[in-house]
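In what follows, a structure is listed as structure tokens, so that the remarks can point back to it.
All chains are named by letter (A, B, ...) in the order of the sequence lines, taking the proteins before the strands, and each is independently numbered beginning at 1. Small disclaimer: the values here were computed from a predicted structure and weren't measured.
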Amino acid sequence: MPAATGFFSRVYQTVRRIPRGRVATYGQVALLAGTPRGARAVGWALRALRAGTAARVPWHRVVGAGGRLSPRAGGGEAIQRARLAAEGVTFRRGRVDLGRHGLR
DNA sequence: CAAGTGACGTAGA
DNA sequence: GTCTACGCCACTT
């Protein structure tokens with residue numbers, strides 16, 4: 001099992017402080033985590049969560065650029081969309097309305 | 001140490 | 001607006 005390095009922990013902490021009903025993009029999380037161009041690395045960290053990490057992180061609040069959901073395996077996209085909708089996040093034609101819920 | 005992989009981002013067609 | 005190509009980072013083998 002991959003040990004959560006400082007980078008991963010940083011990403012988790014960043015995602016965890018995202019308020020309910022609001023979403024952040026991978027690039028935004030990467031920037032706050034300390035890696036402006038590490039959007040991909042952020043996805044790696046969140047992917048590790050689903051693998052078995054016990055850290056409860058609202059990964060569903062992390063979306064791609066423009067509020068787009070990533071087409072990851074398992075069809076979790078629908079789960080993420082449903083969870084966000086349950087928190088009051090509005091969608092527009094499949095994209096999260098970052099203008100209303102984006103971290104800005 | 002080098003190569004491969006992946007829940008991304010931006011730019012170009 | 002959509003798709004494709006390249007670059008970015010970190011982790012695994």
Which of these passes side-chain contact (heavy atoms from CB on, under 4.5 Å) with A:V23: A:I18, A:L103, A:V96?
A:V96

For the backbone of A:T90 and the side chain of A:H101, can you confirm whether one donor and one acceptor N or O come within less than 3.5 Å of each other?
yes

Can you check the A:F8 CZ to C:dT12 C1' distance for me, whole Å?
11 Å

Salt bridge present between A:E87 and A:R22 (N-O < 4.0 angstrom):
no

Which residue lies toward the 5' end of DNA chain C, A:R93 or A:T35, if each is placed at its nearest nucleotide?
A:R93

Within the 4.0 Å heavy-atom criterion, would you say A:R68 contacts the bases, only the backbone, or no part of the nucleic acid?
nothing

Checking the side chain of A:R68 only, and the main-chain atoms of A:R95 only, is there a donor and an acceptor separated by less than 3.5 Å?
no

In whole Å, what is the span from the OH atom of A:Y12 to the C1' atom of C:dC11?
11 Å

Other ILVMFWY residues reachable from A:L31 by side-chain steps of under 4.5 Å
none

Return the polar atom pairs (N/O with N/O) between nucleotides 6-10 of chain B and the protein under 3.5 Å, or none.
| from | atom 1 | to | atom 2 | distance (Å) |
| --- | --- | --- | --- | --- |
| B:dA7 | O3' | A:S70 | OG | 3.3 |
| B:dA7 | N6 | A:L46 | O | 3.0 |
| B:dA7 | N3 | A:Y26 | OH | 2.8 |
| B:dC8 | OP1 | A:S70 | OG | 2.5 |
| B:dC8 | N4 | A:R40 | NE | 3.3 |
| B:dC8 | N4 | A:R40 | NH1 | 2.8 |
| B:dC8 | N4 | A:R40 | NH2 | 2.8 |
| B:dG9 | OP1 | A:A65 | N | 3.1 |
| B:dG9 | OP2 | A:A65 | N | 2.8 |

According to side-chain contact (heavy atoms from CB on, under 4.5 Å), who are the partners of A:R37, at least two apart in sequence or on a separate chain?
none

